[in-house]
Amino acid sequence: MHAGMNQPTSAVTVIGAGTMGSALAGALLAAGHAVTVWNRTAARAQPLADAGATVAGELEEAIASSETIVTCVASPAVVDELVGQPAALRSLTGRTLVQLTTGRPAEIRRGAGFARDHGIDYLGGAIMAHPRTVGTAEAVLLFGGDEAVFESRRPLLGALGTLRFLGADPGGPTAMDAALIAFFYGAISGFLHGARLTRAEGIDDETYLALAGPFLRDFIAGATADASARIVSGDTSDPQSSLETHLGGIDDLVVGTSRDAAIELSVMAAIRDEIGAAVRAGRGGQDIISLLDGSAGP
Ligand SMILES: NC(=O)c1ccc[n+]([C@@H]2O[C@H](COP(=O)([O-])OP(=O)(O)OC[C@H]3O[C@@H](n4cnc5c(N)ncnc54)[C@H](OP(=O)(O)O)[C@@H]3O)[C@@H](O)[C@H]2O)c1
């Protein structure tokens, strides 16, 4: 742990009091930590001041107040802009920057390199949670960077939720964020397509929803577990449902019914095309996880 230019007066500083930054600062306060907050629009930090936080007028003053600085603003470019200000950079040297703003892995790795070049300890992070769950075990936060730095901050950061350390790459958490959110968008898009389809077919929402919940829990969770085991083993042979069979399901049943019902079907058509390309490439007898190897084939 390094000593900063000024004697730290609080345990942690949060830069950014937007929806998520406020949730982070609130959870740290609730856990009994001394929290300093800086926000571009100072008025937005007033509820945190009312809850016991110190609101700093100047960015460098906020940074100098704590050994640990958490950033949670609109983008990595904003972090770069704030951290790059000469006075802020001087204050940050020798402290720990915990970067929780969402960004692409390359942007985060660049920021980590800049921090390293300026004597700043850096942890990259990703918040896999809604603001309302921050401060509970339900909120999962991923971290990457120097493990000793992470461990030294674990008692503090533990106030935010369930912590997972992914390894030395500071861009790792945001790469995992992208992976899990891709899973989310694919799943939610299919769920909404089903709702659109049943409405177009004159089935009431309640009937669809009553069946969709158990279908997610049993059929989709089971298929995901099966695919997980196959990803680990690498075995694409002897599938429950071959790509050839899937092609029938998505092309005739899903795309065909959607076309007949005259509803938007571009996402389903893209999935059909991916499976179709794999079948044409000779993988029709394989399990659906063989799409991982690229669907287009030779
Ligand atoms: N909300 C969620 O559900 C959620 C979940 C996971 C991760 N996150 C991530 O958390 C981060 C913050 O999201 P949020 O929901 O808190 O967004 P938000 O409510 O829109 O807050 C954005 C924050 O960025 C600040 N900001 C924007 N441009 C700035 C600039 N040029 N200079 C200085 N400050 C600037 C804003 O300050 P002002 O108040 O002055 O505008 C505000 O503090 C994002 O990376 C987001 O992806 C959010």
Side-chain angles (χ1 to χ4, degrees), residues 12-29 35-51 53-63 65-66 68-89 91-92 97-112 114-115 122-145 157 159-164 166 170-185 187-188:
V12 58
T13 289
V14 178
I15 306 293
T19 310
M20 185 52 92
S22 292
L24 300 173
L28 290 161
L29 278 171
V35 178
T36 297
V37 177
W38 180 87
N39 197 56
R40 177 180 62 176
T41 311
R44 210 168 169 191
Q46 189 55 46
L48 291 168
D50 296 342
T54 301
V55 178
E58 300 297 333
L59 178 61
E60 57 270 26
E61 174 196 340
I63 293 169
S65 299
S66 310
T68 306
I69 318 299
V70 174
T71 47
C72 189
V73 289
S75 68
V78 171
V79 178
D80 292 350
E81 184 189 318
L82 296 175
V83 166
Q85 293 172 18
L89 192 53
S91 298
L92 257 179
L97 184 60
V98 181
Q99 209 303 95
L100 292 179
T101 304
T102 306
R104 296 195 307 280
E107 296 176 292
I108 304 304
R109 290 175 190 132
R110 256 199 314 277
F114 178 85
Y122 186 101
L123 293 174
I127 308 166
M128 308 305 306
H130 294 296
R132 67 172 177 278
T133 66
V134 168
T136 73
E138 190 187 327
V140 173
L141 291 93
L142 312 177
F143 292 93
L157 298 172
L160 302 176
T162 302
L163 312 185
R164 291 276 168 81
L166 299 188
T174 189
M176 185 59 73
D177 192 0
L180 292 172
I181 296 302
F183 184 19
F184 165 77
Y185 282 122
I188 206 83

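First listed ligand is number 1; within each ligand, the first listed atom is number 1. Side-chain atoms are counted along with the backbone in the values below, which use heavy atoms only and exclude waters and symmetry mates.
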Checklist outcome for this item: Checking heavy atoms under 4.0 Å, the part of Ala129 that sits near ligand 1 is backbone

Item to check | Polar proximity ligand 1 side, Val73 side, N/O cut 3.5 Å exclusive | outcome: yes

Checklist entry - For ligand 1, does Val78 get within less than 4.0 Å through its side chain, its backbone, both, or neither, judged by non-hydrogen atoms? => result side chain

Checklist entry - Heavy-atom distance to atom 19 (O) of ligand 1: which of Thr19, Ile15, Leu100 wins? => result Thr19

Checklist entry - Heavy atom under 4.0 Å from ligand 1: found in Ala17's side chain, backbone, both, or neither? => result backbone

Checklist entry - Quick one: does Gly16 get an N or O within less than 3.5 Å of an N or O on ligand 1? => result no

Item to check | Atom indices of ligand 1, in the order listed, that fall short of 4.0 Å to a heavy atom of Cys72 | outcome: 10 (O), 11 (C), 12 (C)

Checklist entry - How close do Val14 and Gly21 get, heavy atom to heavy atom, and via which atoms? => result CG1-O, 3.8 Å

Checklist entry - Quick one: does Trp38 get an N or O within less than 3.5 Å of an N or O on ligand 1? => result no

Checklist entry - At a non-hydrogen distance cut-off of under 4.0 Å, which region of Met20 contacts ligand 1 (side chain, backbone, both, or neither)? => result both

Checklist entry - If you count the atoms of ligand 1 from 1 in the order shown, which ones are under 4.0 Å from a heavy atom of Pro131? => result 1 (N), 2 (C), 3 (O)

Item to check | ligand 1 to Thr101 polar contact by distance, N or O atoms, under 3.5 Å | outcome: no

Checklist entry - Can you find an N or O of Thr102 that's nearer than 3.5 Å to an N or O of ligand 1? => result yes

Item to check | Any side-chain heavy-atom pair of Phe114 and Leu89 under 4.5 Å | outcome: yes

Checklist entry - Based purely on interatomic distance, does Ile127 place a nitrogen or oxygen under 3.5 Å from a nitrogen or oxygen of ligand 1? => result no

Checklist outcome for this item: Within 4.0 Å of some non-hydrogen atom of Asn39, the atoms of ligand 1 are 37 (O), 38 (P), 39 (O), 40 (O), 42 (C), 43 (O)

Item to check | Closest contact, heavy atoms only, Pro131 versus Ala23 | outcome: O-CB, 3.6 Å

